[in-house]
Amino acid sequence: MKEFHHTCLLGKLAEALAADLNTLPECSRFNCRPIGIRTPERCTALGRFRGKIGLANRDEFRNSLEDLVIDNPKKIILDLSETTFSKGAVGILLHFAAASHGLNRRLYLYQPSAQLRALLKELKLASFFSYLNTEEDIIATVAL
């Protein structure tokens with residue numbers, strides 16, 4: 001039975017990762033697709049973002065992050081591979097990470113853009129986050 005759950009989970013994960021970001025509905029500044037990946041034993045939320053995230057859309061970004069945790073996932077993966085961040089948006093991300101940690105949730109950044117990595121390093125926040133660099137890293141994390 002446990003193997004079936006792993007297979008189901010990995011199938012949903014593969015489908016979520018294969019989703020074309022270009023088909024996302026347009027938002028004013030960026031796009032987000034919160035995708036829930038669930039099995040009876042686990043709940044992982046995968047949020048895929050793209051575009052510039054900054055002061056102009058900070059409320060949208062905050063609301064999208066809050067939408068990801070409605071079902072109280074134990075793990076949250078943010079795909080930030082196609083994003084650029086302002087320092088203010090990093091503050092929102094930092095607050096979300098701290099709140100998640102306080103609720104015993106694990107937050108992972110999947111392939112954060114080079115710009116975001118440089119900004120986190122500049123702000124001395126790079127070590128505050130956990131990173132996933134490949135789909136295999138995601139699978140290993142979700143399957144735990």
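We use all heavy atoms of the structure for the numbers below, so side chains are in, but hydrogens, waters and symmetry mates are not. Heads up: numbering here begins at 1 and tracks the sequence.
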- Message: Nearest 0.5 Å, please: how far is CG in L78 from CG in L107?
- Response: 5.0 Å
- Query: Can you check side chain to side chain contact (heavy atoms under 4.5 Å, CB included) on L93 and L125, steps first, answer last?
  - Reply: CA-CA 11 Å; L93 185 62; L125 295 171; over 6 Å; no
- Work out which heavy atom in S81 is nearest to a heavy atom in S113; give both atom names and the distance. O-CB, 4.0 Å
- Note on the structure: Correct closest heavy-atom pair for E135 and Y110 would be CG-OH, 3.5 Å
- In this structure, CG of D79 is separated from CZ of R50 (nearest 0.5 Å) by 11.5 Å
- Query: Atom CG in L65, atom CD1 in I53: separation rounded to 0.5 Å?
  - Reply: 8.0 Å
- Item | Results of side chain to side chain contact (heavy atoms under 4.5 Å, CB included) for D137 - residues two or more places apart only | L132, N133, T134
- Verdict with reasoning, H95 to I92, per side chain to side chain contact (heavy atoms under 4.5 Å, CB included): CA-CA 5 Å; H95 181 267; I92 293 169; 5.7 Å; no
Just list the side-chain donor-acceptor pairs under 3.5 Å for residues 97-105, sequence neighbours left out, or say none.
unit_1: S100; atom_1: OG; unit_2: F96; atom_2: O; d: 2.9
unit_1: R105; atom_1: NE; unit_2: N72; atom_2: OD1; d: 3.4
unit_1: R105; atom_1: NE; unit_2: P73; atom_2: O; d: 3.4
unit_1: R105; atom_1: NH2; unit_2: N72; atom_2: OD1; d: 2.9

- Note on the structure: By side-chain hydrogen bond (donor to acceptor under 3.5 Å, both in side chains), S130 pairs with (sequence neighbours left out) R106
- Task: With sequence neighbours excluded, give me every salt bridge (Lys or Arg N to Asp or Glu O under 4.0 Å) pair touching residues 84-95.
- Result: K87-E122
- Message: Check whether N63 reaches the backbone of D59 with its side chain - one donor and one acceptor, N or O, closer than 3.5 Å.
- Response: yes
- Task: Can you measure from CG (L116) to CZ (F49) and round to the nearest 0.5 angstrom?
- Result: 12.0 Å
- Message: Would a single hydrophobic cluster contain both L123 and L80, if residues Ile, Leu, Val, Met, Phe, Trp and Tyr are joined by side-chain heavy-atom contacts under 4.5 Å?
- Response: yes
- Query: Measuring from L120:CG to F85:CZ, what's the distance to the nearest 0.5 Å?
  - Reply: 8.5 Å
- ring pair (Phe, Tyr, Trp, His ring centres under 6.0 Å) pairs touching residues 113-138, sequence neighbours excluded, are none
- Between atom CG of L68 and atom CG of L46, what is the distance when rounded to the nearest 0.5 Å? 8.0 Å
- Query: Could you walk me through whether T141 and T44 pass the side chain to side chain contact (heavy atoms under 4.5 Å, CB included) check?
  - Reply: CA-CA 10 Å; T141 299; T44 300; over 6 Å; no
